[in-house]
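Presented below is the structure to which this report refers.
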Amino acid sequence: MTLSFSSIKEPTHNESFISLPLYITNTNKKRTEPNSRVIKMAGKSLTLSGLAAAIILVMLLLSPEICTGHDYRDALKKSILFFEGQRSGKLPPDQRLKWRRDSALRDGSSAGVDLTGGYYDAGDNVKFGFPMAFTTTMMSWSVIDFGKTMGPELENAVKAIKWGTDYLLKATAIPSVVFVQVGDAYSDHNCWERPEDMDTLRTVYKVDKDHPGSEVAGETAAALAAASIVFAKRDPAYSKRLLDRAARVFAFANKYRGAYSDSLRQAVCPFYCNFNGYEDELLWGAAWLHKASKKRVYRLYIVKNKEILRAGETIHEFGWDNKHAGINVLISKMVLMGKADYFQSFKQNADEFICSLLPGISHPQVEYSLGGLLVKSGGSNMQHVTSLSFLLLTYSNYLSHAKKVVPCGQFSASPALLRQVAKRQVDYILGDNPMKMSYMVGYGSRFPQRIHHRGSSVPSVVDHPARIGCKEGSRYFLSPNPNPNLLIGAVVGGPNVTDDFPDSRPYFQLTEPTTYINAPLLGLLSYFSAHA
């Protein structure tokens with residue numbers, strides 16, 4: 001989660017902990033146009049970011065696919081391992097990140113339910129259901145489309161998905177109720193303590209008939225439906241349970257329409273406040289239910305509601321808040337296979353969206369740094385990089401199988417070009433960037449050492465068995481020393497259009513990892529490990 005620098009005071013090392021509101025992290029993605037220097041070329045004005053994008057496009061068009069020698073298989077292994085560091089609840093015997101221990105073992109007890117398990121979303125100790133469900137959906141999509149290239153890591157990826165779905169099943173056990181958050185964010189963000197020592201409020205929040213939350217319920221339905229495909233052959237009984245629950249949760253989301261940002265505003269805003277409306281999550285949930293069940297009712301729902309629920313509104317983004325682009329790409333596969341001409345408009349939307357991401361012709365909301373990084377305004381830029389790159393790669397595969405290209409104005413983009421753009425972003429993350437730094441912890445010889453993450457930055461229970469209280473952790477937050485515990489595989493928020501990266505905990509926009517940054521990487525790294 002991230003917060004814009006304009007709305008928070010950065011600390012200095014001589015400030016007291018109590019004056020540090022920066023622990024309140026926030027995914028408010030306010031749209032602002034960045035200030036770019038403008039230069040003249042051939043009588044035309046180009047921003048520096050626009051020039052960089054044009055150069056990148058020319059290089060991609062004229063060059064064969066670039067192979068930089070990255071160990072994508074090793075990066076894949078580490079990207080999945082990261083999720084073990086984010087686990088909440090009773091850890092299993094095969095837990096590999098040994099510096100973590102059991103935590104939050106009474107979650108849900110205040111509401112008389114069992115809500116143990118699941119994932120902490122980022123560097124804090126709150127369980128936010130909205131991004132957790134999206135993370136689970138994206139891990140599942142990665143396995144569905146790229147599982148065959150995961151090799152021995154496929155088993156670990158499936159375990160990571162199940163850790164999420166086991167929790168989502170608990171959160172949806174009561175009909176017409178979805179538990180969407182455990183933990184008071186303000187209380188949690190006022191402390192810097194490892195999850196094993198947590199003594200902050202573990203308030204439980206839910207949506208129901210009287211307090212609707214169609215976006216979080218719709219995303220939860222999508223996650224359960226997508227995961228049911230993953231388990232269809234591995235565990236048919238579990239798969240059926242997931243799909244049945246997905247259908248029930250979707251029906252609730254659709255019948256009692258409303259935004260959880262309205263129902264639970266003080267709890268979820270500004271952290272995971274929904275800025276894009278709940279309509280996209282309803283279509284998203286229906287799309288995954290259609291893919292998982294093949295039932296006509298979901299196809300008809302999509303056709304009937306595509307205008308009402310604004311299927312064409314991509315706004316050049318895809319992530320935990322906005323699913324429109326993902327819907328169009330997902331549904332386009334059927335069109336490209338010649339099985340669903342009635343979905344043709346979704347393919348047109350997908351084509352336009354893909355073109356809007358390409359260097360040199362990208363939409364003004366999408367920039368490229370001089371170092372070649374895809375950039376969108378707001379914090380935690382890597383969440384955009386991984387999610388958008390995933391769609392580029394996924395769509396390129398759908399096009400390849402159909403022997404199609406994407407019409408982008410005066411030229412056509414081949415599947416190979418889309419793959420090259422996606423690969424460039426992955427390589428940037430792994431170290432091909434102006435800082436010569438991998439933005440994945442534990443990968444390469446140089447990577448972030450001071451990530452904005454409580455468990456990683458505070459001595460582990462193994463090394464420091466005594467409790468470290470809420471305010472006692474401030475000295476570890478403010479310390480210039482590297483984190484004592486490596487959160488292997490964590491991809492941080494990363495740099496923006498300047499390509500600069502201060503390896504410092506207070507710059508949480510840049511140094512905080514999130515589950516939804518890593519989730520799309522599973523598919524990307526799987527593909528490139530087999531096709532590099």
Side-chain angles (χ1 to χ4, degrees), residues 137-150 154 221-223 225-233 239 243 246 250 280 283-307 309 311-312 314 318 323-358 387-408 412-422 520 522-524 526-528 530-531:
T137 306
M138 292 309 296
M139 286 196 291
S140 298
W141 197 356
S142 291
V143 168
I144 292 166
D145 275 25
F146 303 103
K148 292 181 180 179
T149 58
M150 285 186 177
L154 177 58
S228 75
I229 302 172
V230 172
F231 289 98
K233 294 182 179 179
S239 174
L243 187 55
F250 177 78
D280 52 329
L283 277 177
W284 181 239
W288 277 108
L289 276 161
H290 179 263
K291 185 174 178 66
S293 71
K294 304 295 190 292
K295 288 186 176 180
R296 182 171 177 267
V297 63
Y298 296 113
R299 173 171 61 82
L300 294 177
Y301 179 93
I302 295 168
V303 173
K304 181 180 178 181
N305 289 280
K306 65 180 181 179
E307 299 298 333
L309 299 179
T314 62
F318 176 59
K323 316 297 162 37
H324 286 298
I327 296 162
N328 290 319
V329 168
L330 181 66
I331 293 178
S332 291
K333 182 178 182 180
M334 291 185 286
V335 181
L336 288 165
M337 292 171 64
K339 295 182 177 180
D341 285 343
Y342 42 80
F343 283 151
Q344 193 65 233
S345 64
F346 288 89
K347 181 185 176 300
Q348 294 171 0
N349 294 336
D351 286 348
E352 292 175 8
F353 171 76
I354 291 297
C355 293
S356 78
L357 301 180
L358 298 181
S387 293
L388 295 175
S389 296
F390 180 91
L391 291 188
L392 282 166
L393 178 62
T394 301
Y395 203 56
S396 77
N397 283 354
Y398 298 165
L399 291 167
S400 290
H401 290 304
K403 296 181 172 55
K404 301 287 186 180
V405 297
V406 181
C408 294
S412 296
S414 69
L417 175 61
L418 305 190
R419 286 193 294 271
Q420 287 172 324
V421 176
L522 271 59
L524 289 159
S526 299
Y527 179 86
F528 292 123
H531 298 90

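One-based numbering along the sequence shown. All values below come from the heavy atoms of this structure, side chains included, with hydrogens, waters and symmetry mates left out. These figures come from a predicted structure and were not determined experimentally.
- For the residue pair Leu388 and Phe318, the shortest heavy atom distance occurs at CD2-N, 3.7 Å.
- Remark: side-chain polar atoms of Ser239 are paired, donor with acceptor, to backbone N or O of Ser228 under 3.5 angstrom.
- What you find for Ser140 and Ala223 is that their closest heavy atoms are OG-O, 4.5 Å.
- With rounding to the nearest 0.5 Å, the separation of CG in Leu524 from OG in Ser387 is 9.0 Å.
- At distances below 3.5 Å, not a single donor-acceptor pair connects side-chain atoms of Ser526 with backbone N or O atoms of Met150.
- Annotation for Val405 and Pro407: closest pair O-CD, 3.6 Å, computed over non-hydrogen atoms.
- Smallest separation of non-hydrogen atoms from Thr149 and Tyr527: OG1-N, 3.8 Å.
- Between the side chain of Ser396 and the main chain of Leu393, a donor-acceptor pair closer than 3.5 Å is present.
- Here the side chain of Ser332 pairs no donor or acceptor atom with the backbone of Val335 at under 3.5 angstrom.
- From Phe146, atom CZ reaches atom CG of Asn397 across 5.0 Å, with rounding to the nearest 0.5 Å.
- Side chain to side chain, Asn328 and Tyr395 fail the donor-acceptor criterion of an N or O pair below 3.5 Å.
- Interatomic distance, Trp288 CH2 to Ile327 CD1, rounded to the nearest 0.5 Å: 11.5 Å.
- The side-chain heavy atoms of Arg299 and Phe343, taken from C-beta on, include a pair separated by under 4.5 Å.
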**Q.** From CA spacing to verdict: side-chain contact (heavy atoms from CB on, under 4.5 Å), His531, Arg419
**A.** CA-CA 10 Å; His531 298 90; Arg419 286 193 294 271; over 6 Å; no
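- Put simply, the side chain of Val329 does not reach to within 4.5 Å of the side chain of Phe390, judged on heavy atoms.
- Contact of the Leu357 side chain with the Phe353 side chain is registered, since non-hydrogen atoms from C-beta on lie closer than 4.5 Å.
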Q: For side-chain contact (heavy atoms from CB on, under 4.5 Å), just list the numbers for Met334 and Phe346, CA-CA rounded to whole Å, side-chain angles, deciding distance to a tenth of an Å, and then say yes or no.
A: CA-CA 10 Å; Met334 291 185 286; Phe346 288 89; over 6 Å; no
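- In this structure, the side chains of Ile144 and Val230 come closer than 4.5 Å at one or more pairs of heavy atoms.
- The shortest side-chain heavy-atom distance between Thr394 and Lys333 does not fall under the 4.5 Å cut-off.
- Here Leu336 contributes atom CG and Ile331 contributes atom CD1; the two are 12.5 Å apart, rounded to the nearest 0.5 Å.
- Using a 4.5 Å heavy-atom cutoff, the side chains of Thr137 and Lys323 are not in contact.
- Taking every heavy atom of both residues into account, Ala225 and Ala292 meet most closely at O-CB, 3.5 Å.
- Taking both residues in full, the closest heavy atoms of Ser400 and Pro415 are given as OG-CB, 3.1 Å, listed atom of the first, atom of the second, then distance.
- Within the model, atoms CD1 of Ile229 and CG of Leu243 stand 8.5 Å from one another, a figure rounded to the nearest 0.5 Å.
- Within the model, atoms CG of Asn349 and CD of Gln344 stand 10.5 Å from one another, a figure rounded to the nearest 0.5 Å.
- With a 4.5 Å cut-off on side-chain heavy atoms, Tyr342 and Ile302 do not count as touching.
- Side-chain atoms of Val143 and Leu154, non-hydrogen and from C-beta on, do get closer than 4.5 Å to each other.
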